[in-house]
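Residue numbers start from 1 in every chain, and the chains themselves are labelled A, B, ... in the order their sequence lines are given, proteins ahead of strands. The structure displayed is predicted, hence computed values, not measured ones.
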Protein chains: 2
Amino acid sequence: MGVETSFGIGELARRTKRSVHTIRWYEAQGLIPRVERDAGRRRQYTVWHVEWLNFLDRLKTTAMSVRDMKRYAALIARGETGEQEALLRAHRESVAARMREMNEALALIDRKLKHYGRFRRT
Amino acid sequence: MGVETSFGIGELARRTKRSVHTIRWYEAQGLIPRVERDAGRRRQYTVWHVEWLNFLDRLKTTAMSVRDMKRYAALIARGETGEQEALLRAHRESVAARMREMNEALALIDRKLKHYGRFRRT
DNA sequence: CTACCGGCTAGAGCACACTCAAGGTCAAGC
DNA sequence: GCTTGACCTTGAGTGTGCTCTAGCCGGTAG
């Protein structure tokens, strides 16, 4: 027992619902900053990494590319908060724009569906 | 002069802002129904195809896969309006769900941005 | 006649985001 | 001391959606 402050890659995989393969791949791509190793060269993670990967999920949900996640991760690693904010703000705007487009497309789809409905019996 | 009722692939490419390559690839994937050929085996298109490709753009904007576009195109080719409607309605729901997720993610990003803002000087 | 344009097919190549296989290390438990 | 399990690295393979190359044909203008 005791206060578990760090854990291995298997545990991180369970906590973030990713495969161990994927986590190593993410790290190789530069998406995971602040990864320490123990004496046996095994990766050690903390709750910070769980939260970071959860946040990456949100960025992914909003269609951020791995390339941009890598840029953001690099800024986190260097602590450059100004640039972090700029990147995130730019992403926010592109997401908002994409959502406006999707809304328009959805409206068109709804008009089509209404049209189908017009000739339905029920 | 005269009423131009059909045109070639180059013109379709210009009208739909795609490359000729891409249009041929779309057709090979089964995404473009009702394509006739002239005596020289050249593809002939009409305004119907322009509208169809514009609609495919909307489906793409809403992240429909080529696989599903192909299914929809096949239903168009066979005139099965009932199944067309079912497919489109299912897509509509998945888009709505994705947009809800994106909205949540956007809200989280906005909270992060607010946090950055908290420590800014201006 | 010949250059050019637009079109044709088959198939190779590419960017992205994983996903997994092969072969090995290392510590703990029996 | 041997097995088990978690971990390691390198690198190959996969699915999606294009994008382009090579080599060819056929009609028109100079």
K.L.:
Of all residues at least two apart in sequence or in a different chain, which pass the side-chain contact (heavy atoms from CB on, under 4.5 Å) check with B/Arg111?
P.N.:
B/Ala107, B/Leu108
K.L.:
List for me each residue that meets side-chain contact (heavy atoms from CB on, under 4.5 Å) alongside B/Ala77, sequence neighbours excluded, and say none if there are none.
P.N.:
B/Pro33
K.L.:
Quick one: name the residues clustered hydrophobically with A/Met99, using the 4.5 Å side-chain heavy-atom rule over I, L, V, M, F, W, Y, and just say none if it's on its own.
P.N.:
A/Val95, A/Met102, A/Leu106, B/Val95, B/Met99, B/Met102, B/Leu106
K.L.:
Distance under 4.0 Å to a non-hydrogen atom of chain A counts as contact; along DNA chain D, which nucleotides mark the start and end?
P.N.:
D/dC7 to D/dT9
K.L.:
Scan for ring-ring contact (aromatic ring centres under 6.0 Å, His included) pairs involving residues 71-106 of chain A, sequence neighbours excluded, and state none if there are none.
P.N.:
A/Trp52-A/Tyr72
K.L.:
What residues form a side-chain contact (heavy atoms from CB on, under 4.5 Å) with A/Glu27, not counting sequence neighbours?
P.N.:
A/Ile32, A/Val35, A/Arg37, A/Arg43, A/Tyr45
K.L.:
If the condition is salt bridge (Lys or Arg N to Asp or Glu O under 4.0 Å), which residues does B/Arg24 pass it with, not counting sequence neighbours?
P.N.:
none
K.L.:
Any side-chain N or O of A/Arg67 less than 4.0 Å from the OP1 or OP2 oxygen of C/dC16?
P.N.:
yes
K.L.:
How would you list, by chain and number, every residue that makes a side-chain contact (heavy atoms from CB on, under 4.5 Å) with B/Glu51, sequence neighbours excluded?
P.N.:
none
K.L.:
What pairs of nitrogen or oxygen atoms, one from the protein and one from nucleotides 26-29 of chain C, lie under 3.5 Å apart?
P.N.:
none

K.L.:
Return the residues of residues 50-62 of chain B meeting this criterion: a heavy atom under 4.0 Å from some atom of DNA chain D. Order them by number, or give none.
P.N.:
B/Lys60
K.L.:
Among residues at least two apart in sequence or on other chains, which ones pass salt bridge (Lys or Arg N to Asp or Glu O under 4.0 Å) with B/Arg34?
P.N.:
none
K.L.:
Which residues pass the salt bridge (Lys or Arg N to Asp or Glu O under 4.0 Å) test with A/Arg71, not counting sequence neighbours?
P.N.:
A/Asp68
